[in-house]
Amino acid sequence: FRKQRRQLGVISTNDPDNERVVKKVLYPELAKCGESVKGHEYFYDQDINTAAQQTQAGVARMNTPNNPATSVLCLCDPVAPQFSYGGSSNNNYWPEVLFATNQAMDYDASGQSYQGDLACPQRQRGCAFHGALGLGQSQMDVAPHQLPGNKAYKAGGGGATNISPQTLDIFWQNYNMIASLIQNAGPQLTPANMAALAPRLGSRGGGTTGLARKAFENGELSWTRDLRMIYWDKDKKSPYNGIAGSYVKIGGKRFGPGEFPQAAQPAAPTADKR
């Protein structure tokens, strides 16, 4: 694959929203660059009982005899990559691994599961996820006690819980957004008024702040305004749980629409030159 021109493959869930985004948003953008997936797409059903059969079917759709996908983008749920990477390894198929996180896939704990036994059945030959790269929505991992959601939970009198600190933080972000929108809308609490006044909230984070940029602007219905470019370092210990495996940020900051550089400096190192 290293000497071949890149050919993209896409794996995603088969729910209507995801399929529509892939086909109506991603593909037209690729077409602007003269690129397409050329049939290398697989939309899977989130059914653990058929995971093995679906994994084999997905690999077959990517690893076609005449023009295999050299780079596979996973727009998946947090568990599916384990099956996908394991299936690829068992079929001696080693494409470039790309991901665009949409369900906490860019948390270190998620990435660590992608180099576990299920995802890495051919460990003596390496793991498919080692050296993965892509775009992350979340902020860089920190120790549990530093997460705002965990702090808010404890400040509010929360006691022992089986909910992970990262899940608490996700809930906190969502409740924070809802509460801010309600307060910002004032006494006329209607959907139209809330949407119209949302840009007045302003923004926070972004760039080199270490925080994700949050803002409602330009009629957007999502307040996520930037991403981080990251790659997976299999040996770096995570600040979240101290276990080997952590994402490393590339480019020194987060990037919003139109801000992504043509080439990140410094480039992500190879496994033998880290």
Side-chain angles (χ1 to χ4, degrees), residues 6 8-13 17-18 20-22 24-30 32-33 35 71-78 80-81 96-112 114 129 131-142 146-149 166-167 169-170 172-174 176-177 198-199 201-233 236 238-240 245-269:
R6 278 188 171 97
L8 181 66
V10 176
I11 296 177
S12 184
T13 58
D17 284 342
N18 270 14
R20 187 159 47 246
V21 169
V22 171
K24 301 298 183 180
V25 179
L26 175 61
Y27 290 174
E29 290 298 316
L30 289 173
K32 294 177 182 179
C33 305
E35 301 292 341
S71 309
V72 177
L73 171 65
C74 187
L75 295 164
C76 307
D77 62 80
E96 181 179 42
V97 174
L98 309 174
F99 61 90
T101 175
N102 55 341
Q103 291 191 39
M105 291 167 60
D106 58 338
Y107 285 167
D108 287 351
S110 297
Q112 289 163 2
Y114 305 152
F129 195 67
L133 69 156
L135 300 176
Q137 172 181 307
S138 304
Q139 296 167 177
M140 298 299 291
D141 275 56
V142 296
Q146 294 178 304
L147 289 170
Q166 287 181 327
T167 301
D169 198 54
I170 292 173
W172 167 249
Q173 292 176 41
N174 291 329
N176 183 4
M177 178 185 69
L201 281 172
S203 69
R204 64 99 174 173
T208 59
T209 64
L211 301 173
R213 183 166 181 264
K214 304 289 189 181
F216 289 100
E217 55 189 17
N218 303 324
E220 294 284 346
L221 299 179
S222 168
W223 74 339
T224 300
R225 305 308 302 157
D226 64 4
L227 298 167
R228 57 188 174 127
M229 297 193 297
I230 48 180
Y231 71 92
W232 180 252
D233 186 329
K236 179 185 177 183
S238 169
Y240 177 71
S246 181
Y247 289 104
V248 178
K249 183 168 61 178
I250 306 170
K253 67 171 189 174
R254 296 178 67 95
F255 299 92
E259 297 178 350
F260 287 90
Q262 292 295 315
Q265 297 294 333

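Sequence positions, counted from 1, serve as the residue numbers for this chain. Predicted model, so just to flag it, every value in this text is computed and none were measured.
- The structure places OG1 of Thr208 at 8.0 Å from NZ of Lys253, a figure rounded to the nearest 0.5 Å.
- Annotation: Arg6, atom CZ; neighbour count of heavy atoms from other residues, nucleotides and ligands within 6.0 Å does not exceed 12.
- Residues Asp108 and Pro239 are in side-chain contact: their nearest non-hydrogen atoms beyond the backbone lie under 4.5 Å apart.
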| query | Run the side-chain contact (heavy atoms from CB on, under 4.5 Å) check on Thr224 and Lys214 step by step: do they pass? | reply | CA-CA 5 Å; Thr224 300; Lys214 304 289 189 181; 3.8 Å; yes

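- Taking 4.5 Å as the limit, some side-chain heavy atom of Lys236 sits within range of a side-chain heavy atom of Val248.
- A donor-acceptor pair under 3.5 Å links the side-chain atoms of Ser110 to the main chain of Ala104, judged by distance alone.
- With rounding to the nearest 0.5 angstrom, the OG1 atom of Thr209 is 7.5 Å from the CG atom of Asp226.
- At least one donor-acceptor pair closer than 3.5 Å links the side chain of Gln139 to the backbone N or O of Ala212.
- In terms of heavy atoms, Ser12 sits closest to Asn18 at OG-ND2, 3.5 Å.
- Between Met105 and Pro81, the closest side-chain pair of non-hydrogen atoms falls below 4.5 Å.
- Within the model, atoms CD1 of Ile230 and CG of Asp106 stand 5.0 Å from one another, a figure rounded to the nearest 0.5 Å.
- Judged by distance alone, the side chains of Gln173 and Asp169 do bring a donor and an acceptor atom under 3.5 Å apart.
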| Worked verdict on Met140 versus Lys249 for side-chain contact (heavy atoms from CB on, under 4.5 Å) | CA-CA 8 Å; Met140 298 299 291; Lys249 183 168 61 178; 3.9 Å; yes

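- Side-chain atoms of Leu135 and Met229, non-hydrogen and from C-beta on, do get closer than 4.5 Å to each other.
- Atoms CD and CZ, on Glu259 and Arg254 in that order, are 11.0 Å from each other to the nearest 0.5 Å.
- For Trp223, the CH2 atom is densely surrounded, since the number of other residues' heavy atoms within 6.0 Å is greater than 12.
- For Phe216 against Ala198, the heavy-atom pair with the smallest separation is CB-CB, 3.8 Å.
- Between Leu133 and Leu98, the closest side-chain pair of non-hydrogen atoms falls below 4.5 Å.
- Residue Met177 holds its CE atom at 8.0 Å from OG of Ser222, rounded to the nearest 0.5 Å.
- For the pair Gln112/Trp232, a side-chain contact is recorded, criterion being any heavy-atom separation below 4.5 Å from C-beta on.
- For the atom pair CG (Leu8) and OH (Tyr27), the distance works out to 8.0 Å, reported to the nearest 0.5 Å.
- Close placement of the Phe99 and Tyr247 rings is indicated, their centers lying within 6.0 Å of each other.
- Contact check for Gln103 versus Cys76: no side-chain heavy atoms found under the 4.5 Å cut-off.
- In this structure, Val21 and Leu26 have side chains that are not in contact, with every pair of non-hydrogen atoms separated by 4.5 Å or more.
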